[in-house]
Amino acid sequence: MKTEPDAFGIADLKKRRKQTEHWDGVRNYQARNFMRAMQPGDQAFFYHSSCAEPGIAGIAEIVCVAYPDFTAFDPKDPHYDPRSFAAKPVWYMVDVKLAREFKLPVTLARIKATPALKNMRLVQRGNRLSIMPVTAKEWQTILKLEKED
DNA sequence: GCCAACGTTGGC
DNA sequence: GCCAACGTTGGC
């Protein structure tokens, strides 16, 4: 799950009550569908994008299944979408809880330099999805990289 | 700030 | 349904 640390980073999640926050603002159908497939207890990499050092900053745990993203209902919200209303929501979100912050982030540069991760969706051509699946193998490889630091 | 790559929009 | 124009993402 990608986020811009200037807007909401892992340090912000850590400060939230119960270190939990809802993941609002997803306005892409593919990303939404991936989010709707999530189950409580699932884990996700917490990725920092559009910053000095893009990379995986830690791990979050999915707290609940997807429910309507209420920020889409609010005309004053930057992510307002008049097509989505309470009776027929278009956009969804999950709640995520901090599982753990990496001592050192696994940087995008490092991921790109790791042959076992060359097929990762994150590093594939023109990838712009803010939420994407990670294979079990990729997950393990990332954890191994983190351990090596 | 640049720009490639993509998704979305809207005229026809 | 096509496709050009536009907006957004995100690394660099």
Side-chain angles (χ1 to χ4, degrees), chain A residues 1-16 21-38 42-62 65-149:
Chain A
M1 303 176 82
K2 293 184 188 172
T3 179
E4 299 184 18
D6 290 346
F8 182 82
I10 200 160
D12 298 299
L13 182 58
K14 197 192 286 186
K15 281 183 280 187
R16 290 297 191 269
E21 187 56 285
H22 52 267
W23 202 267
D24 61 282
V26 173
R27 297 292 180 270
N28 170 283
Y29 287 102
Q30 232 184 320
R32 181 204 67 180
N33 293 344
F34 287 136
M35 202 162 46
R36 293 186 72 172
M38 293 173 172
D42 284 352
Q43 291 194 315
F45 286 134
F46 193 105
Y47 181 88
H48 283 165
S49 67
S50 293
C51 55
E53 199 166 61
I56 299 169
I59 295 174
E61 183 179 321
I62 309 306
V65 294
Y67 60 100
D69 181 342
F70 51 77
T71 67
F73 307 148
D74 178 4
K76 288 192 284 283
D77 193 278
H79 297 296
Y80 172 60
D81 185 346
R83 294 171 303 173
S84 187
F85 43 97
K88 206 179 178 208
V90 176
W91 304 116
Y92 284 76
M93 59 188 175
V94 294
D95 289 352
V96 302
K97 180 182 172 64
L98 181 66
R100 90 187 155 87
E101 182 175 12
F102 289 169
K103 285 201 185 74
L104 288 172
V106 176
T107 65
L108 178 61
R110 186 108 180 275
I111 291 168
K112 281 181 166 171
T114 303
L117 296 176
K118 71 174 194 303
N119 291 324
M120 230 187 141
R121 204 149 176 158
L122 179 70
V123 296
Q124 273 165 17
R125 188 174 73 102
N127 158 69
R128 282 173 29 189
L129 277 177
S130 64
I131 295 177
M132 66 185 77
V134 177
T135 69
K137 215 168 182 181
E138 289 161 354
W139 184 275
Q140 291 307 323
T141 304
I142 298 282
L143 291 187
K144 210 180 294 170
L145 289 182
E146 189 234 346
K147 234 178 177 176
E148 284 170 13
D149 280 323

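Order of the sequence lines fixes the chain letters, A, B, ..., with proteins taken first and strands second; residue numbering starts at 1 for each chain. Just so we're clear, the structure is a prediction, and the values are computed from it rather than from any experiment.
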Listed pairs under 3.5 Å, donor-acceptor, residues 70-80 of chain A side chains, sequence neighbours left out:
unit_1, atom_1, unit_2, atom_2, d
T71(A), OG1, R27(A), NH2, 3.0
T71(A), OG1, D69(A), OD1, 2.5
T71(A), OG1, D69(A), OD2, 3.4
D74(A), OD1, K76(A), N, 2.9
D77(A), OD1, H79(A), N, 2.7

Y29(A) and W91(A): aromatic ring centres closer than 6.0 Å? yes
Among residues at least two apart in sequence or on other chains, which ones pass salt bridge (charged side-chain N to carboxylate O under 4.0 Å, His left out) with R121(A)? none
Identify which nucleotide among dG10(C), dG11(C), dT8(B) has an atom closest to any side-chain atom of Y47(A), counting heavy atoms from C-beta outward. dG11(C)
Without decimals, in angstroms, what is the distance between Q124(A) CD and dA4(B) C1'? 16 Å
How long is the line joining CZ of R83(A) and P of dG10(B), in whole Å? 9 Å
V94(A) and V65(A): CA distance, side-chain angles, deciding distance, side-chain contact (heavy atoms from CB on, under 4.5 Å) verdict: CA-CA 6 Å; V94(A) 294; V65(A) 294; over 6 Å; no
Reckon R32(A) touches a base, only the sugar-phosphate, or nothing at all at heavy-atom distances under 4.0 Å? nothing
Using atom CH2 of W91(A) as one end and atom P of dT8(B) as the other, report the distance to the nearest whole Å. 7 Å
Value in whole Å for how far the C1' atom of dC12(C) lies from CG of L108(A): 11 Å
Please give, in whole Å, the distance from dC12(C) P to I111(A) CD1? 11 Å
Side-chain N,O (K2(A)) to OP1/OP2 (dT9(C)) below 4.0 Å: no
Y29(A) atom OH is separated from dG7(B) atom C1', nearest whole Å, by 11 Å
Specify the separation, in whole Å, of atom CZ of R125(A) and atom C1' of dT9(C). 15 Å
Of the candidate nucleotides dG7(B), dC12(C), dT9(B), which contains the atom at the shortest distance from the side chain of K112(A)? dC12(C)
To the nearest Å, give me how far apart CG (L129(A)) and P (dG7(B)) are. 8 Å
Among dG7(B), dT9(B), dG10(C), the one nearest any side-chain atom of S49(A) is dG10(C)
